[in-house]
Amino acid sequence: MTNEVHEDELHAYVDGTLPEPRRIEVEAWLAAHPADAARVQAWIGQNQSLHAAFDSVLNEPLPLNLVRATRRPAIPAPFKAMAAMLAMLATGLVGYAIGLGSGEHAPAAPTYLARDAAIAHAVFSPEARHPVEVDAAHAEHLVAWLSKRVGTQLQAPDFGAQGFELLGGRLLTGETGPVAQFMYQDRIERRVTLYVRRAVAGNTTTSFRHATENGVDVFYWIDGDFGYALSGQIGRQAIRQLADAAYLQLATAGAKP
Amino acid sequence: MRVRPDLIKHLPRLRRYARALTGDVNRADDLVQDTLERALAKLDLWQPGSDLRAWLFTLMHNLFVNQIRTKRPQETVMEEAFDEPVSGGQMEALAARDIHTALARLSEEQREVLLLVGLEQFGYAETAQVLGVPTGTVMSRLSRARERMRQMLAGEPAIKLKLVK
């Protein structure tokens with residue numbers, strides 16, 4: 001005879017937290033009590049419906065304002081502006097410090113490009129299972145899709161000569177709209193990412209700039225309406241070489257009719 | 001020097017829970033942002049080695065409860081709208097979003113327990129810790145939430161059964 005099964009144990013059965021011997025006893029109880037079995041079945045269905053309805057949120061690109069909110073230094077407000085100033089000085093971009101005091105409402109100047117690119121690199125490059133949304137096997141589709149969303153004809157540079165293969169890409173959201181991220185990997189699984197987004201109006205073409213954000217080297221530049229940033233932790237020189245290659249290939253592609 | 005724990009890896013689950021809890025993309029992400037800000041401000045209060053995820057959900061719960069308190073009149077209006085009788089023509093629309101509708105019709109207390117246990121897969125004791133209530137309270141809310149959901153979601157098949165006969 002099975003001991004009387006308590007209501008709480010029916011829930012524990014549904015949630016898979018019953019110890020094995022008791023689970024078998026509860027199963028026997030359910031076989032003999034159809035009303036309880038129907039309730040348990042409905043509850044299991046509810047758990048499944050919840051996952052079906054909301055698991056897709058896990059795969060959504062993370063809004064960059066939230067990613068940024070996980071990294072904001074927990075320092076008193078009066079020091080924030082000063083910290084931003086020091087960061088600007090460190091990267092030799094004092095000119096952009098104007099207007100940064102309020103933080104949130106500062107324009108997405110090139111420094112933000114570097115920081116956002118570095119954050120996006122840090123978030124997705126360690127991913128073992130889903131580093132990219134669309135893999136390189138569907139490169140044509142990937143480029144067409146990202147081009148459409150970002151609003152320009154994109155190109156994934158070829159880093160074969162530098163030993164990096166295209167892994168794929170994903171679509172992110174940034175302050176200036178959709179962002180394309182291409183990810184590359186070399187033979188020892190080091191990863192670099194190319195981050196492309198529309199530049200803020202008023203920003204004009206710039207030369208290469210370098211920034212280090214939380215140990216991630218970023219080379220970035222603005223070419224016409226778009227900002228590009230190449231990020232990785234493979235040494236400054238190696239990133240620079242990849243950035244040179246990307247710049248050359250993208251400029252050449254752009255010159256074509 | 002304290003090592004700052006990485007909050008990013010908890011972002012996707014915080015967003016999923018907030019989305020299900022509020023039923024609204026923007027409200028959910030605002031709640032997540034508030035949670036992160038509070039987490040960074042109070043990080044010194046977090047015990048290294050303890051469950052960071054449970055702590056973050058606790059912060060989110062507290063913020064959510066505060067929000068409900070201040071927005072109560074609006075919520076009540078929404079509840080009434082949901083309780084309007086559903087005509088036959090509306091059945092299809094209801095079926096399409098039934099899990100969302102049913103969730104929205106639960107009390108906040110029941111919805112939180114149902115989601116923490118059924119979606120986020122917290123244990124009963126962990127859920128009690130997140131919500132700051134005894135485990136017995138979690139069990140009774142869970143039971144009521146699941147039964148209420150069952151009645152709401154069972155509405156349509158019951159009607160269909162009648163039509164077949």
Chemist: Are side-chain N/O atoms of A:D8 and B:Y124 paired as donor and acceptor at under 3.5 Å?
Modeler: no

Chemist: Restricting to non-hydrogen atoms, name the atom on B:G118 and the atom on A:L50 that form the minimum distance, rounded to 0.1 Å.
Modeler: C-CD1, 4.4 Å

Chemist: If you draw a 6.0 Å radius around CZ in B:R13, do more than 12 non-hydrogen atoms from other residues or ligands fall strictly inside?
Modeler: no

Chemist: Just verifying a value: how many Å separate B:T35 OG1 and A:L66 CG, rounded to the nearest 0.5 Å?
Modeler: 10.0 Å

Chemist: Looking at every heavy atom in both A:A53 and B:I99, which two are closest together, and how far apart are they?
Modeler: CB-CG2, 3.9 Å

Chemist: State the CG-CG distance between A:L62 and B:D29, to the nearest 0.5 angstrom.
Modeler: 9.5 Å

Chemist: Heavy-atom distances under 4.5 Å only: say whether B:L103 touches chain A with side chain, backbone, both or neither.
Modeler: side chain

Chemist: Does any backbone or side-chain atom of A:A52 lie under 4.5 Å from a heavy atom of chain B? Answer side chain, backbone, both or neither.
Modeler: neither

Chemist: Got A:H51 and B:R16 here, is their nearest side-chain heavy-atom distance under 4.5 Å?
Modeler: yes

Chemist: Nearest 0.5 Å, please: how far is CZ in A:R68 from CD in B:Q33?
Modeler: 10.0 Å

Chemist: Any non-hydrogen side-chain atom of A:F54 less than 4.5 Å from a side-chain atom of B:H100?
Modeler: yes

Chemist: Quick check: are there more than 12 heavy atoms from other residues, nucleotides or ligands sitting under 6.0 Å from CD of A:E189?
Modeler: no

Chemist: If you take all heavy atoms of B:L7 and A:T70, which pair is closest and at what distance?
Modeler: CB-CB, 3.8 Å

Chemist: With a 4.5 angstrom heavy-atom cut-off, is it the side chain or the backbone of B:E147 that approaches chain A, or both, or neither?
Modeler: both

Chemist: Take atom NE2 of A:H138 as the centre, draw a 6.0 Å sphere, and report whether it contains more than 12 heavy atoms from other residues, nucleotides or ligands.
Modeler: no

Chemist: When heavy-atom pairs shorter than 4.5 Å are enumerated against chain B, which of A:G16, A:A122, A:S49, A:S56 gives the highest number?
Modeler: A:S49

Chemist: About how many Å separate CG of A:N65 and CG of B:D30, when rounded to the nearest 0.5 Å?
Modeler: 8.5 Å

Chemist: Hey, could you give me the CD/OG1 distance between B:Q121 and A:T17, rounded to the nearest 0.5 Å?
Modeler: 11.0 Å

Chemist: Can you name the closest pair of heavy atoms from B:L40 and A:A69 and give their distance?
Modeler: CD1-O, 3.0 Å

Chemist: Within this structure, what is the CZ-CZ distance for the pair A:R39 and B:R146, rounded to the nearest 0.5 Å?
Modeler: 11.0 Å

